[in-house]
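Written out below as structure tokens is the structure these notes cover.
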Amino acid sequence: MQEKYIPAEIERAAREHWRATAADRAVETGGKPKYYCLSMFPYPSGRLHMGHVRNYTIGDVLARYHRMLGENVLQPMGWDAFGMPAENAALANKIPAARWTRQNIDCMKRQLQSLGLSIDWQRELATCAPEYYRWEQWLFTRLFEKGLIYKKLGTVNWDPVDQTVLANEQVIDGRGWRSGALIEKREIPMYYMKITAYAEELLAGLDTLTGWPEEVRLMQKNWIGKSVGVRLAFVLADSKYQEQKLWVFTTRADTLMGVTFVAVAAEHPLAVHAAKGNPELAAFIAECKKGGVAEADFATMEKKGAPTGLFAQHPLTGERIPVWVGNYVLMSYGEGAVMAVPAHDERDFAFAQKYGLPIKQVIGVAGETFSLDGWQEWYGDKSRAVCVHSGKYDGLGYTEAVEAIAADLAKLGLGEKEVQWRLRDWGISRQRYWGCPIPIVHCEVCGDVPVPDDQLPVVLPENVNITGAGSPLAKMPEFYETSCPKCGRPARRETDTLDTFVESSWYFLRHACPDNDRAMLDERVDYWCAGGIDQYIGGIEHAILHLLYARFFTRLIRDAGLIDLSEPFKNLLTQGMVVAPTFFRLDANGKKHWLSPTEVDVKTDERGRPVGATSKTDGQPVIVGGIEKMSKSKNNGIDPQTLIVRYGADTIRLFMMFASPPNQSLEWSDAGAEGAYRFLRRVWKLAHAHVGLGVTVAASGNAGLTEPQKVLRKKLHQTIGKVHDDYGRRQQFNTAIAAVMELLNACEKTDLSGAAGHALAQEVFEAVALMLFPIVPHIGQALYAELKPGANAARAAFPIVDATALTQDTVELMLQIGGKLRGSFTTPAAADRSAIEAAALATETARKFMDGKPARKVIVVPGRLVNIVI
RNA sequence: GCCGGGGUGGCGGAAUCGGUAGACGCAGCGGACUCAAAAUCCGCCGCCGCAAGGCGUGAGGGUUCGAGUCCCUCUCCCGGCACCA
């Protein structure tokens, strides 16, 4: 055995061994339970970043651990290859999006392979390949024919200078990122997927996802947002609109008697109509069109409104109620109109005070007095409220009032109870080039005609001219000029592409059969995806959109008859971000210039506290910024490749798994990586010393061991149990590593001379190599082969706990007096409560602190502590 | 603004079911080895205090024999908000 740990050599050898033995190939074989372990596939943005390394290492640890449990593991990898950055790169560097993407894939694939991930590369897929997206187009045409995809107007960000649609990300402070022009809203026809048809099922399904983090289920539940309320109508009073009804939805029908105005969205037909011949209103509506479509901006902007000059009748009292346009009313939620009850809704309260609209109290809480001086929490509290100033409804609580008012509205034909969803249908059209073409042909006679199967795929041309203004496909007659599949007349091909979320909504199924050119999915999907993907791993930022769309698509594909599965992901692990400190300098204009953490020396005081930083280049001070997500813009990314070259893949994998649990954010630290490297060198050194004495057969019991050796063997089997639990149930790897470190510390302090001791050392080292193998597979492979010549860690079983090693004669209990820790004492492990209590009272510590006073109460927690209350 | 999560030594974190706060590691300090350095090894290391002891898990309050953990109020930070992926 080499004395020195040389990662470059052992990593190359280990990977060559795995390649030669096809260790990572997944085959559909019976007899073993299957384990499909999937990490969210990357967007090929250029090079691997630390977030990728973390994600794929977590996945690999789980995949390798489950293989050691005897499961049939599939771990595939693919590329989420359509998206905006390729278009931006094409524009900036004059390189075709396709070529840029493929180069990035080649580079990142090599980097992934250098990490030693046990991926079955034969199942690789890229979403930009026609072999992949043809099946997406095929499914699109089925869904279109079923009516699950339909066309309607949608609102987008419009850049009036570049004459193009912008993504929310491309709108910065209300302006286009390239042109700097003020962005406005524009309505264009788009295709939508009817996700709302599955709202009830997507909500109910969350209850079955017991392998998901509770917060993700809760976020999805709130996103879907089921609310039961009342849909009701205000009849327009104006003669021009005679008998026309203005519908609203409310969850607070109990406050209906307090309505003092109704507000509609700027895009509401009534607002648009009323603006004709009303220049002030038209100007206000035009103002509402300014700015982008992002919901966060919408929710934080100043609430403004304008009267339409129209009035409507209160459905129960017949009172004249003014109709306003409000910039805070969403056209896409509910009816695009809301009833306003200023006394009992905080937003309406502020709005009414701003515009001098009446405020009418209709619910009250015992002991509280209503005043117009300012909003109070209880005004909107439906749990304690009863109706007041509400005529026949006075005295009713929330539920009774809603029931009574809904019943009265129903009698008048002016309302009914209704379920409302926050979830909206999914707009999937994008006016972009680098995406999956929408397989529709527009015929003047036949309308929107789906492309027939035998004409699929509609291939995306790769030789295009990207200008940044408008969609390139719409300028390519050779792409859009076609004939109608139905009638044969000249027709125009759809030039929009699909939202890239569509590709990522079903790739996990296709990994089971990426090579099938005759069908979207086949029986291999039934095998690998039975009961769902066993483990899915990815960033918490995908908690809602990607995971909800994937759940939706799985049901669409199920209902198309292709699979028998509703929930795609049985277990979900959401990983935190990788963060690093930031450093910058201000130039004369106050602009920040970011320095990479690698270009900076951090100065500390004599106790190691950071006190400042200087540049390595010029020695001058730099400003220390916050700790933020690694990004290009803050120049605080650390390139994993440099570290792999310096320390080897195992060190990076170990550091990433050790620095924090998977679901928390992880701060990069050079010193931490150095520490991980030191640990691996130490493991190697200790194993080398043991092998130097000659390998033997590992101990299998306590026979012949000294007392300290028995203690070590107990520690070994406790550690095996702990590591099992951490890899399996807890999925928390930092504590598993810490446990192995503790074991090695104990091992070094124990005298292992003698034949029995040497056999125990053999048992410890074999177990350590296997326990670490999922995290640091290269060194694990090498060590195990040295310890057990001819053995292969990649095919080995995970160590099992020997219960006989765990028995103990005595236990140490903590002694508390009045809840404060005062000492400890030892009792036989078999002692009962009264014996423990007596032993506790007999201790010197107890006598000293009780000072002759009697014990009022003694609390005994066996195995833990005794608390004497005086 | 709305939804979700988080705050523990100088730092990353541990404490899994309400029961020893700070495991494990990093940084730092002291020592051994060395001509010297690196590497390695040994020891110390929450704060205040000579000590006894006291204090201590973002802030304030509560429940409990006992709270980092449960409840209430507040605060700061992070993720998402439907066209970034």
Side-chain angles (χ1 to χ4, degrees), chain A residues 40 42-43 45 80 83-85 154 156-157 165-171 213-216 218-219 221-223 225 292-301 303 328 332 347 422-432 499-501 504 539-546 548-549 574 576-577 579 604-610 626-629 655 658-661 663-667 669-676 678-679 681-682 685 725-726 729-730 732 734-735 737-742 745 812-816 818-821 824 856-859 861 863-865 867-869:
Chain A
M40 291 180 187
Y43 177 79
S45 52
D80 188 13
M84 280 200 314
V156 295
N157 302 305
V165 177
L166 296 184
N168 284 337
E169 192 191 49
Q170 298 171 312
V171 180
E214 195 55 56
E215 69 261 29
V216 176
L218 188 55
M219 277 190 265
K221 180 180 181 232
N222 292 336
W223 183 265
V293 298
E295 153 84 13
D297 299 335
F298 198 75
T300 47
M301 72 189 175
K303 308 293 176 282
Y328 61 92
S332 51
R347 195 177 52 188
R422 207 189 77 97
L423 184 68
R424 314 195 293 250
D425 277 343
W426 174 16
I428 50 174
S429 296
R430 296 291 179 270
Q431 299 68 46
R432 300 245 161 71
D499 180 0
T500 58
F501 269 122
S504 56
I540 182 70
E541 66 273 19
H542 297 291
I544 295 176
L545 291 179
H546 163 59
L548 188 63
Y549 292 147
T574 49
M577 295 175 304
V579 297
T604 54
D605 66 12
E606 73 284 353
R607 298 195 39 192
R609 293 188 182 97
I627 292 169
E628 304 195 46
K629 180 175 178 172
F655 170 72
F658 182 59
S660 70
N663 56 358
Q664 281 180 36
S665 67
L666 180 145
E667 187 182 331
S669 143
D670 278 339
E674 192 66 52
R678 192 178 308 154
F679 174 72
R681 281 201 310 257
R682 186 167 154 238
K685 197 179 78 175
D725 194 40
D726 282 348
R729 179 181 65 90
R730 298 218 302 157
Q732 186 172 308
N734 54 332
T735 46
I737 296 163
V740 174
M741 287 173 168
E742 275 189 72
N745 290 345
E812 191 191 19
L813 298 179
M814 293 305 118
L815 179 59
Q816 291 186 345
K820 276 192 190 296
L821 183 71
S824 65
R856 195 155 60 85
K857 197 172 174 185
V858 179
I859 288 140
V861 184
R864 288 272 187 189
L865 56 73
N867 186 12
I868 300 169
V869 187

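Computation of the quantities below employed the complete heavy-atom set of this structure, encompassing side-chain atoms and omitting hydrogens, waters and symmetry-equivalent molecules. Below, chain A is the first sequence line, B the second, and so on; all start at residue 1.
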Between the side chains of D80(A) and S504(A), does any donor sit under 3.5 Å from an acceptor?
-> no
Using a 4.0 Å heavy-atom cut-off across all strands, classify S660(A) as base, sugar-phosphate, or nothing.
-> sugar-phosphate
Taking pairs as Watson-Crick (N1-N3 plus N6-O4 or O6-N4) or G-U wobble (N1-O2 and O6-N3), each distance under 3.5 Å, the stems of three or more consecutive pairs with RNA chain B are B:1-7 with B:75-81, B:10-12 with B:24-26, B:28-32 with B:40-44, B:46-48 with B:53-55, B:58-62 with B:70-74
In chain order, what residues pass the side-chain contact (heavy atoms from CB on, under 4.5 Å) check against T574(A), with sequence neighbours excluded?
-> P213(A), V216(A), I540(A), L572(A)
Nearest-Å distance for atom pair CD/P, residues E742(A) and G25(B) | 8 Å
F679(A) CZ - G12(B) P separation (whole Å) = 22 Å
For C17(B), glycosidic torsion class - syn if within 90° of 0, otherwise anti | syn
Under the ring pair (Phe, Tyr, Trp, His ring centres under 6.0 Å) test, residues paired with F658(A) that sit two or more places apart = none
Looking at N734(A), does any N or O in its side chain come under 4.0 Å of the phosphate oxygens OP1/OP2 on G12(B)?
-> no
Mark yes or no for a side-chain to base donor-acceptor pair under 3.5 Å between R729(A) and U16(B), with no hydrogen or angle criteria applied.
-> yes
Between N222(A) and K685(A), the residue closer to the 5' end of RNA chain B by nearest nucleotide is N222(A)
Does a nitrogen or oxygen in the side chain of N745(A) sit under 4.0 Å from OP1 or OP2 of G25(B)?
-> yes
Any side-chain heavy atom of Q431(A) within less than 4.5 Å of one from L166(A)?
-> no
Establish, with yes or no, whether the OP1 or OP2 oxygen of G13(B) is under 4.0 angstrom from a side-chain nitrogen or oxygen of Q732(A).
-> no
To the nearest angstrom, the CD1-P distance between I737(A) and G12(B) comes to 18 Å
Per-nucleotide protein contact string for nucleotides 64-72 of chain B, where B marks a base within reach and S marks sugar-phosphate only (heavy atoms under 4.0 Å, - for neither) | -B-------
If you look at every strand shown and take non-hydrogen atoms under 4.0 Å, does M40(A) touch a base, only sugar-phosphate, or nothing?
-> nothing
Which residues pass the ring pair (Phe, Tyr, Trp, His ring centres under 6.0 Å) test with Y549(A), sequence neighbours left out?
-> W426(A), F501(A)
Whole-Å C1' distance, G43(B) and G61(B) | 44 Å
Taking only the side-chain heavy atoms of P661(A) (C-beta and beyond), determine which of G13(B), C24(B), U20(B) contains the nearest atom.
-> G13(B)
Using a 4.0 Å heavy-atom cut-off across all strands, classify S665(A) as base, sugar-phosphate, or nothing.
-> sugar-phosphate
Reading nucleotides 80-85 of chain B 5' to 3', which nucleotides get B (base under 4.0 Å from a protein heavy atom), which S (sugar-phosphate only), which -?
-> SBBBBB
Looking for any heavy atom pair under 4.0 Å, which part of the strands does L865(A) touch: base, sugar-phosphate only, or nothing?
-> base
Can you tell me if the side-chain N/O atoms of R678(A) get under 4.0 Å from OP1 or OP2 in C26(B)?
-> yes
Expressed in angstrom and rounded to an integer, what is the separation of E674(A) atom CD from U40(B) atom C1'?
-> 14 Å
Determine the contact category for Q664(A): base if any of its heavy atoms lies under 4.0 Å from a base atom, sugar-phosphate if only primed atoms, P, OP1 or OP2 are that close, otherwise nothing.
-> sugar-phosphate
Answer yes or no: does a side-chain N or O of R730(A) lie under 4.0 Å from OP1 or OP2 of A15(B)?
-> yes
To the nearest Å, how far apart are M301(A) CE and G1(B) P?
-> 15 Å
Which is true for D725(A) with a 4.0 Å heavy-atom rule: it touches a base, it touches only sugar-phosphate, or it touches nothing?
-> base
C1' atom, C26(B) versus C77(B): distance in rounded Å?
-> 23 Å
Chi-based syn or anti call at G5(B), which uses purine or pyrimidine torsion atoms and a 90° bound = anti
